[in-house]
There are 2 protein chains.
Amino acid sequence: MTPEKPLRADARRNRARILAAAEEVFAEHGDAASTEEVAARAGVAIGTVFRHFPTKRDLLAAIMKDLRARLVDRAQSLAAEGDPATALFDYFGFLVESSARIGTVVSLLAEEGTSVEPGEQVRALTDRFGEFLEAARDAGTVRPGVRLDEVMALLTATVHGAVAGAWSDDLRHRTVARVLDALRAADGPGTRKPRGTESCAGPSELG
Amino acid sequence: MTPEKPLRADARRNRARILAAAEEVFAEHGDAASTEEVAARAGVAIGTVFRHFPTKRDLLAAIMKDLRARLVDRAQSLAAEGDPATALFDYFGFLVESSARIGTVVSLLAEEGTSVEPGEQVRALTDRFGEFLEAARDAGTVRPGVRLDEVMALLTATVHGAVAGAWSDDLRHRTVARVLDALRAADGPGTRKPRGTESCAGPSELG
DNA sequence: TGAAATTATGAGCCATGACTCATCTTGTCA
DNA sequence: TGACAAGATGAGTCATGGCTCATAATTTCA
């Protein structure tokens, strides 16, 4: 799978610079970013960019792969260390926050027809959510009847909304809280009463 | 405000054709659509398009104005004829459905920095939602504490999600239902029990 | 019906941006 | 250290797409 001969020192350095620059530039301008600007910001000639990534699509694919790897990593550590009852909600929130920081690129994260095919990494991400969802079901922290595709759809929506709309931090937090309320059991995490009390409609006052 | 001399017959006809074609083409390709394709689909030369709309931006602005006018109209009729207690939810659903049908254009509906400034029409839309929200509060159908900016944020998110993700009709309906659950009071519209029963966490099974 | 004005046409102009290639530079390794 | 291969460079090619303008076609109205 990786029988690639080691790169020369400068090549390795340049490749890293290009990836870093590309992540910035694509975050700012999305798909519309120009390869030339990536080269400029990396302090490299255009030809160098194309030597490492034969196509703009390839470059995009590379940074998306990195990005997704980082997101999946976080899921791992949440699965290992976090509270299974709240992992679903924690991870959801984490992804939205990351997206807001990363910007326009995310609009390509889950897309199908466009530039980059999601492939196995997105499947991995979905699988993780599946596990978190099951754990949350066991803990009774999600509403009964919530399906995985709904969770993913809500995630897609929130992420896109956060990127497209220019929400303040505060509004973003409140919106995520609302969305999670839609998933959360009435006495789940975020509301105080232990169980079976009358207050099942109160606002969850986060943010 | 409208002291414009009447257009020649063919000019009026062409203008209409161009608008119709543009709506189609932009719905398919979004901002990336080319003026040439619009012209072709309208059965008109490129020059004609540019005579009517000096800039691609202008063309986009024109169809967005039409679009928004239609959406606001619907709000009017809901305000006039619909049930004030559910108008908020009905209108929310209507907008998402329209967007899904209209496609990529909507990604520009609420955007600020980009191509078209929203202007007063978006304000009108927000105002409508404000009224619906108040009515729903009076009727006790929304959770206490729900703010207008949250409603608009959830709307933006859902619309963008519906356009970006390739959701099935079914998934879209379920997702909208979930989002509305986040806004709905526990015994609001969509759940059956009249009031004060123990079942405040059941899925609202729409779709 | 026959000017005169309005509108339509579409071959180009120009800017942008993805991508190539002949040439020069630099890392590597004996 | 010297020679060779891997890599870097950037001017140039090509395609696309917004937009113009000289010319031709229509509409209008007296």
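Protein chains get the first letters and strands the later ones, always in sequence-line order, with residue 1 at the start of each.
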Expected string for nucleotides 22-30 of chain C under the B/S/- scheme (protein heavy atoms, under 4.0 Å, primed atoms plus P, OP1, OP2 as sugar-phosphate) is ----BSS--
Protein-nucleotides 19-21 of chain C N/O pairs closer than 3.5 Å?
unit_1: C/dC19; atom_1: OP2; unit_2: A/Lys56; atom_2: N; d: 2.9

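In this structure, A/Ala33 reaches the sugar-phosphate backbone alone: every heavy-atom distance under 4.0 Å involves primed, P, OP1 or OP2 atoms, never a base.
Nucleotide C/dG17 holds its P atom 20 Å from the CZ atom of A/Phe53, rounded to whole Å. Going from atom CZ of A/Arg15 over to atom P of D/dA6 covers 17 Å, rounded to whole Å. Between A/Leu59 atom CG and C/dG17 atom P there is a gap of 15 Å when expressed in whole angstrom units. Rounded to an integer number of Å, the gap from B/Arg51 CZ to D/dT26 C1' is 12 Å.
With values rounded to the nearest 0.5 angstrom, A/Phe132 atom CZ is found 9.5 Å from A/Thr86 atom OG1. Taking NE2 of A/His173 as the start and OG1 of A/Thr175 as the end, the distance is 10.0 Å to the nearest 0.5 Å. Rounding to the nearest 0.5 Å gives a distance of 11.0 Å between CZ of B/Arg184 and CZ of B/Arg178.
Using cut-offs of 30° and 60° for the angle between ring planes, the B/Phe129 and B/Tyr91 rings count as tilted.
At the phosphate of D/dA8, OP1 or OP2 sits under 4.0 Å from a side-chain N or O atom of A/His52. At the phosphate of D/dG7, neither OP1 nor OP2 sits under 4.0 Å from any side-chain N or O atom of A/Asn14.
For the pair B/Leu183 and B/Leu180, the minimum side-chain heavy-atom distance is below 4.5 Å. Proximity of A/Leu133 to A/Arg137: side-chain heavy atoms (C-beta onward) are separated by under 4.5 Å at one or more points.
Salt-bridge formation is detected for the pair B/Asp170/B/Arg174: a Lys NZ or Arg NE/NH1/NH2 atom is positioned less than 4.0 Å from an Asp or Glu carboxylate oxygen.
Between the A/Thr55 side chain and the A/Asp58 main chain, no donor and acceptor come within less than 3.5 Å of each other.
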